[in-house]
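Comments concern the structure below.
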Amino acid sequence: NAGVTQTPKFRILKIGQSMTLQCAQDMNHNYMYWYRQDPGMGLKLIYYSVGAGITDKGEVPNGYNVSRSTTEDFPLRLELAAPSQTSVYFCASSYLAASSYEQYFGPGTRLTVT
Amino acid sequence: GEDVEQSLFLSVREGDSSVINCTYTDSSSTYLYWYKQEPGAGLQLLTYIFSNMDMKQDQRLTVLLNKKDKHLSLRIADTQTGDSAIYFCAEFPNTGNQFYFGTGTSLTVIP
């Protein structure tokens, strides 16, 4: 199993540009999550999905969109990038029928908006 | 949202024990977790504890849970330089679908 994969690893965007951060998992997990991590701020949940076709907002959804057309993929879309979106983005997945609800994390995407 | 709090920094000497503390807010949380993040990497689960337990030991790691005070701690025995990382505690309340993470404690091990 590859686990949770994210692409790209790094990206620099200009203000106002758009991009999609890709996330895929091959563990047949039902739940998937997008977080952003800012220095000293821990992880903030952007969006999550409890299964294909179902998404919900987390704590900081403004400026982002998601879709979940398949169990495996959960892309995060940034429209009109702003400097405040400079951060490290992590995708995670978990299987909530499992005994521990453990989350598996991808390696992250480091995004800079200038 | 839930408020999970940790101190930001901890330094220990190699060979000593490290204790990282966390307070959480939702008493309904069934599971409480400790994750480790090494530089430039994602988070990896270290250990977790069920809310009906007071203590869990796993090799050099000991987790203590005080439900009355909503306090969770992680003790690392014989701390090594490879333990230098950021450690996050997290809770998963029964009432929702989200995990709530603390701000992370940056552990520095001095040789």
Side-chain angles (χ1 to χ4, degrees), chain A residues 2-7 9-10 21 23-25 27 29-51 54-61 68 74 87-110, chain B residues 1-10 20 22-26 28-53 56 58 63 65 72 85-107:
Chain A
V4 180
T5 57
Q6 291 183 240
T7 55
K9 285 190 168 51
F10 304 94
L21 282 66
C23 174
Q25 53 91 11
M27 297 173 283
H29 285 172
N30 48 357
Y31 279 53
M32 294 187 76
Y33 307 81
W34 273 106
Y35 296 92
R36 57 178 289 171
Q37 183 181 28
D38 301 317
M41 299 296 289
L43 293 171
K44 299 290 186 187
L45 182 66
I46 305 170
Y47 271 96
Y48 68 98
S49 168
V50 302
I54 307 168
T55 62
D56 210 345
K57 295 177 182 178
E59 192 178 350
V60 290
R68 183 102 182 266
F74 190 41
S87 189
V88 181
Y89 292 84
F90 289 101
C91 179
S93 71
S94 63
Y95 186 59
L96 264 68
S99 60
S100 69
Y101 301 174
E102 176 183 351
Q103 279 195 316
Y104 292 80
F105 282 81
T109 295
R110 189 173 296 273
Chain B
E2 307 299 331
D3 214 2
V4 182
E5 295 189 353
Q6 302 176 238
S7 53
L8 287 180
F9 302 100
L10 176 66
I20 303 170
C22 170
T23 56
Y24 62 97
T25 54
D26 195 319
S28 77
S29 290
T30 300
Y31 301 98
L32 295 140
Y33 307 84
W34 283 104
Y35 283 84
K36 177 183 181 182
Q37 185 183 30
E38 296 185 351
L43 280 68
Q44 278 192 300
L45 182 70
L46 272 182
T47 186
Y48 64 92
I49 188 167
F50 292 104
S51 59
N52 62 358
M53 298 169 66
K56 180 179 180 183
D58 185 359
V63 178
L65 175 60
L72 184 72
I86 301 176
Y87 291 80
F88 291 90
C89 68
E91 62 172 337
F92 186 83
N94 285 348
T95 51
N97 293 312
Q98 299 182 30
F99 292 79
Y100 293 91
F101 286 83
T103 51
T105 299
S106 179
L107 173 66

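As the structure is a prediction and not an experimental result, all values here were calculated from the model. Order of the sequence lines sets the chain letters (A, B, ...), proteins ahead of strands, with each chain counted from 1.
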(request) Select one option (side chain, backbone, both, neither) describing which atoms of B:L8 are under 4.5 Å from chain A's heavy atoms. (result) side chain

(message) Please classify the contact between B:Q44 and chain A as side chain, backbone, both or neither, with a heavy-atom cut-off of under 4.5 Å.
(response) neither

(message) So, using side-chain hydrogen bond (donor to acceptor under 3.5 Å, both in side chains) as the criterion, who are the partners of B:T105 when residues are at least two apart?
(response) B:Q6

(message) Less than 4.5 Å to any heavy atom of chain B: does that hold for the side chain of A:Q6, its backbone, both, or neither?
(response) neither

(message) Need one label for A:Y104: side chain, backbone, both or neither, based on atoms under 4.5 Å from any heavy atom in chain B.
(response) neither

[atom1]/[X] to [atom2]/[Y] distance, rounded to the nearest 0.5 angstrom?
| X | Y | atom1 | atom2 | answer |
| --- | --- | --- | --- | --- |
| A:Q37 | B:T103 | CD | OG1 | 10.5 Å |
| B:Q98 | A:Y35 | CD | OH | 7.5 Å |
| B:Y100 | A:L45 | OH | CG | 8.0 Å |
| B:Y48 | A:E102 | OH | CD | 8.0 Å |

(request) Dump the intermediate steps for side-chain contact (heavy atoms from CB on, under 4.5 Å) on B:Y35 and A:Q103, then the final yes or no. (result) CA-CA 10 Å; B:Y35 283 84; A:Q103 279 195 316; 3.3 Å; yes

(request) Give the minimum heavy-atom separation between B:F99 and A:S94, together with the two atoms involved. (result) CE1-OG, 4.1 Å

